[in-house]
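First up is the structure itself, then whatever we jot down about it.
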Amino acid sequence: MTFMNITLPDGSVKELPKGSTGLDIAKTIGPGLVKAAVAITANGIQKDLSDPIEEDSEVSIITIESEEGLEIMRHTLTAQVLARAVKNLYPKAKLAIGPTIKDGFYYDFEFEKPISPEDLVKIEDEMQKIIASSSSITKKLHSKAETLNAFTEEPYKQSIVESSDQKDNFQIYYQDDRNFFDLCKGPHLPSLKHIGSFKLTKLAGAYWKGNSKNKMLTRIYGTAWKNDKDLKAYMLSLEEAEKRDHRKIGKELNLFHFQEEAPGMVFWHPDGWIIYRLLQDFVRKKLDACGYKEINTPQVVDRKLWEASGHWDKYRENMFITEIDEEHANEKRTNALKPMNCPCHVQVYNQGLKSYRDLPLRYAEFGSCHRYEASGTMHGLMRVRGFTQDDGHIFCTEDQIESETKSFIELLSEIYSDLGFGSFDIKLSTRPEVRVGSDQVWDKAEQALENAIKKLGLPYELDEGDGAFYGPKLDFVLTDAIGREWQCGTFQADFNLPGRLDAEYIGEDGSKHQPVMIHRAVLGSFERFIGVLIENYAGKLPLWLAPTQLTICSITSDVNEYAQKIHNRLKELNIRSKLDLRNEKISYKIREHSNAKVPNIIVLGKNEAASEMITVRRLGSSENFSYSLEEFIDQIIKEASPK
């Protein structure tokens with residue numbers, strides 16, 4: 001018998017026979033772990049408990065209490081329980097794929113007849129019956145021919161097998177009675193008794209392999225958690241998220257709309273456009289203070305530039321292409337709406353000879369871009385086809401990367417704080433396998449980004465291999481009021497594009513050098529960030545961003561003249577004020593303006609007019625506060641600046 005060394009997370013080493021399984025390893029640790037174990041990680045690869053290990057390995061036992069265990073539970077639930085429940089209830093249904101996603105899972109099916117959301121209850125009940133069996137789950141490896149034969153009535157499974165380069169070792173998972181089995185990459189739970197609490201959440205349409213030329217399938221979504229408490233907390237968070245949906249609030253507050261004639265393009269209404277302009281002016285002032293030079297570049301650019309930049313080959317399917325007949329010309333000219341601003345910024349940089357003394361050179365543009373997004377991926381303001389970025393590009397030397405990183409993070413921190421986001425997470429993405437540039441340059445760029453983060457004392461997560469092909473990057477992730485994460489800011493070091501587009505500077509040695517180009521954005525797109533703001537604040541925007549900062553409501557027409565006087569005074573001070581002199585009950589007016597999320601409602605009656613005072617009702621409060629007009633003006637001016 002030959003042996004191998006198994007190294008556990010605590011550093012201890014166990015000598016076991018080659019071919020020992022994860023379950024064997026758990027047994028050597030203790031009976032409690034045997035009961036809790038659901039899978040293992042061997043040398044960084046997840047495996048089923050029943051998988052044999054044939055070589056020295058670093059092994060950790062996965063339990064349902066871990067994030068890895070929770071994901072495996074979700075995977076088992078979709079592939080072994082949801083899929084089986086559907087086949088039990090709808091025998092002619094065809095199985096496609098069933099992966100896990102954040103907080104849950106989905107499975108795609110082809111049904112003989114459409115099902116409705118009401119059918120989800122019936123499917124859930126069937127799933128509970130299957131789970132109650134506590135069936136063991138076993139895995140068997142099959143050849144390609146055997147696997148194809150096993151799925152003769154499942155065309156989508158056959159398609160997966162036929163398109164695979166594998167000749168054997170296809171994994172099929174079975175339950176105790178072997179009446180149900182499914183093709184899956186695994187790993188799975190050793191038995192259904194480990195499954196916690198779940199709920200099916202919605203139906204959606206999905207094309208097979210994401211190709212609209214293929215048949216539309218029915219996608220069943222669900223969520224799963226360790227216990228009822230966690231499931232309930234998650235469902236409550238979904239309810240809260242639904243209340244905060246920016247599309248719903250945007251319609252209620254009359255901020256914007258979409259329509260079929262311009263899919264993925266925003267129609268901004270007056271109040272929505274006020275928010276947009278306020279946010280843009282706010283960012284512009286911050287950029288001016290940091291030495292950025294604002295520019296503006298064309299939206300329609302000849303394909304020649306996109307070919308030179310590499311976008312024509314790598315990104316053309318996401319670009320809006322136009323062809324026009326030039327006057328008196330015998331050929332058509334092909335242009336594209338710009339999907340990004342970077343190549344155009346290099347063109348501005350290239351006008352005139354640059355010296356090392358000119359660097360760093362910081363360009364900023366509120367650049368309108370257009371990208372063709374598939375219709376099924378668009379989602380309100382969060383994913384559109386036409387958007388404006390708070391875009392910027394820094395041309396600098398390699399030695400300046402660290403200082404520019406530090407300056408950018410300080411700028412981003414200040415902007416996020418002013419917008420109400422007290423903290424953010426940073427991900428440092430390093431060199432991918434396919435990349436341009438020497439290892440020496442990558443070493444320098446990665447070290448510069450990492451040093452800048454460390455010197456600021458900021459925590460970060462290393463995301464190895466996820467950098468852009470042209471350089472490493474930092475991504476900045478916000479957490480909103482209900483705990484959701486939004487990736488907004490980015491900072492990317494590019495050693496590729498300047499060379500492709502002939503960007504140069506004269507160095508201190510008198511020779512020509514290629515600058516580093518840093519792509520950076522704080523908000524990302526204004527459209528998406530406004531959506532994030534609306535949802536974070538549930539529509540109750542900070543006073544400085546509110547389209548209407550206050551409404552003046554009269555109780556009786558006798559005070560209309562006093563109301564107009566106050567309104568005029570506030571307008572002189574650029575306070576966004578509206579008058580409501582309608583012959584309506586004051587309770588009706590207050591309710592209407594509160595529903596419109598107006599931060600301050602001034603209520604004026606005969607007592608206020610006689611004493612030249614005002615009564616103010618704050619949004620979210622049932623109390624009234626009395627002020628002199630000048631006292632209130634002093635207070636609102638202080639409140640109306642970003643915090």
Side-chain angles (χ1 to χ4, degrees), residues 1-6 16-26 37-62 68-69 71-84 86-87 93-100 105-110 135-192 208-211 214 217 433:
M1 183 180 290
T2 55
F3 291 85
M4 60 184 175
N5 290 325
I6 299 298
L16 293 173
K18 285 190 176 182
S20 295
T21 66
L23 188 59
D24 294 329
I25 297 169
V38 296
I40 64 167
T41 299
N43 293 333
I45 300 173
Q46 287 185 355
K47 294 178 176 290
D48 288 291
L49 275 180
S50 59
D51 285 344
I53 301 174
E54 303 291 349
E55 60 185 6
D56 292 351
S57 301
E58 293 183 1
V59 173
S60 60
I61 307 294
I62 299 173
E68 287 180 297
E71 183 176 1
I72 290 168
M73 187 261 277
R74 289 168 176 158
H75 194 182
T76 305
L77 189 62
T78 187
Q80 285 291 313
V81 182
L82 173 55
R84 181 169 190 174
V86 167
K87 290 295 284 186
K94 305 302 180 187
L95 305 177
I97 56 171
T100 59
F105 56 88
Y106 70 77
Y107 208 113
D108 291 344
F109 303 92
E110 180 189 323
S135 291
S136 295
I137 298 172
T138 55
K139 177 176 70 176
K140 188 176 179 182
L141 302 180
H142 295 269
S143 68
K144 194 167 193 173
E146 289 171 339
T147 308
L148 286 170
N149 186 57
F151 291 100
T152 53
E153 296 183 7
E154 297 290 348
Y156 299 105
K157 297 296 181 184
Q158 287 207 326
S159 173
I160 293 170
V161 176
E162 287 170 346
S163 62
S164 174
D165 293 331
Q166 284 180 241
K167 292 183 179 179
D168 51 24
N169 291 334
F170 286 87
Q171 298 186 156
I172 297 181
Y173 287 85
Y174 300 83
Q175 292 178 30
D176 277 346
D177 57 17
R178 300 181 75 85
N179 287 329
F180 177 80
F181 53 88
D182 199 3
L183 176 71
C184 195
K185 67 177 183 178
H188 280 328
L189 301 175
S191 82
L192 298 181
W208 172 240
K209 295 185 176 180
N211 189 336
N214 293 332
L217 304 176
E433 287 188 19

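Side chain of Lys87 to backbone of Ala93: a donor-acceptor contact under 3.5 angstrom is found. For Asp24 (side chain) and Thr21 (main-chain N/O), a donor-acceptor pair under 3.5 Å exists by modelled atom type. Although no hydrogens or angles enter the test, the distance criterion places no donor-acceptor pair under 3.5 Å between the side chain of Ser159 and the main chain of Pro155. Not a single donor-acceptor pair under 3.5 Å links the side chain of Ser136 to the backbone N or O of Asp176. Here the side chain of Thr76 pairs a donor or acceptor atom with the backbone of Leu189 at under 3.5 angstrom. Without hydrogens or angle criteria, Glu54 side chain to Lys18 main chain gives no donor-acceptor distance under 3.5 Å. In terms of modelled atom types and a separation under 3.5 Å, the side chain of Glu154 and the main chain of Lys94 share no donor-acceptor contact. Between the Gln171 side chain and the Cys184 main chain, a donor and an acceptor come within less than 3.5 Å of each other.
Closest heavy-atom contact between Gln166 and Asn169: NE2-O, 3.3 Å. Contact detail for Ile172 and Ala150: the closest heavy-atom pair is CD1-CB, 4.3 Å. The two residues Leu217 and Ala96 make their nearest non-hydrogen contact at CD1-CB, 3.8 Å. In terms of heavy-atom proximity, Gly19 sits nearest to Met4 at N-CE, 4.0 Å. Looking at every heavy atom in both residues, Ala39 comes nearest to Leu49 through N-CG, 3.8 Å. Between Ala79 and Ala83, the closest heavy-atom pair is O-CB, 3.5 Å.
For Asp48 and Tyr173, the side-chain atoms include at least one donor-acceptor pair closer than 3.5 Å.
Residues Lys139 and Pro187 fail the side-chain proximity criterion, which asks for heavy atoms closer than 4.5 Å. Looking at Ile53 and Ile40, their side chains come closer than 4.5 Å, going by heavy atoms from C-beta outward.
A distance of 7.0 Å separates CG in Asp56 from CD1 in Ile6, rounded to the nearest 0.5 Å. Rounding to the nearest 0.5 Å places OG of Ser191 at 7.0 Å from CD1 of Ile137. In this structure, CG on Leu141 lies 10.0 Å from CD on Glu146, to the nearest 0.5 angstrom. Here Thr138 contributes atom OG1 and Phe181 contributes atom CZ; the two are 12.0 Å apart, rounded to the nearest 0.5 Å. Within the model, atoms NZ of Lys144 and CG of Asp168 stand 10.5 Å from one another, a figure rounded to the nearest 0.5 Å. Distance check, rounded to the nearest 0.5 Å: CZ of Phe180 to CD of Gln175 gives 7.0 Å.
Residue Phe151 forms a side-chain contact (heavy atoms from CB on, under 4.5 Å) with just one option from Asn149, Leu148, Thr147, and that option is Thr147.
The aromatic rings of His75 and His188 lie perpendicular to each other, with more than 60° between the two planes, well past the 30° mark. Taking the six-membered ring where the residue is Trp, Tyr174 and His142 present tilted rings, their angle falling between 30° and 60°.
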Walk me through whether Leu77 and Leu82 qualify under side chain to side chain contact (heavy atoms under 4.5 Å, CB included). CA-CA 6 Å; Leu77 189 62; Leu82 173 55; 5.9 Å; no
Decide yes or no on side chain to side chain contact (heavy atoms under 4.5 Å, CB included) for Leu183 and Phe170, but give the supporting numbers first. CA-CA 7 Å; Leu183 176 71; Phe170 286 87; 4.2 Å; yes
Evaluate Ile97 against Ile160 for side chain to side chain contact (heavy atoms under 4.5 Å, CB included), listing each step before the verdict. CA-CA 9 Å; Ile97 56 171; Ile160 293 170; 3.8 Å; yes
Stepwise, does the side chain to side chain contact (heavy atoms under 4.5 Å, CB included) test hold for Tyr107 with Phe109? CA-CA 7 Å; Tyr107 208 113; Phe109 303 92; 3.5 Å; yes
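Using a 4.0 Å cut-off between charged nitrogen and carboxylate oxygen, Asp182 and Lys157 count as a salt-bridge pair.
Sparse packing is recorded around CD of Glu153, with 12 or fewer heavy atoms of other residues, nucleotides or ligands lying under 6.0 Å away. The environment of CD in Glu58 is sparse: at most 12 heavy-atom neighbours from other residues, nucleotides or ligands sit within 6.0 Å.
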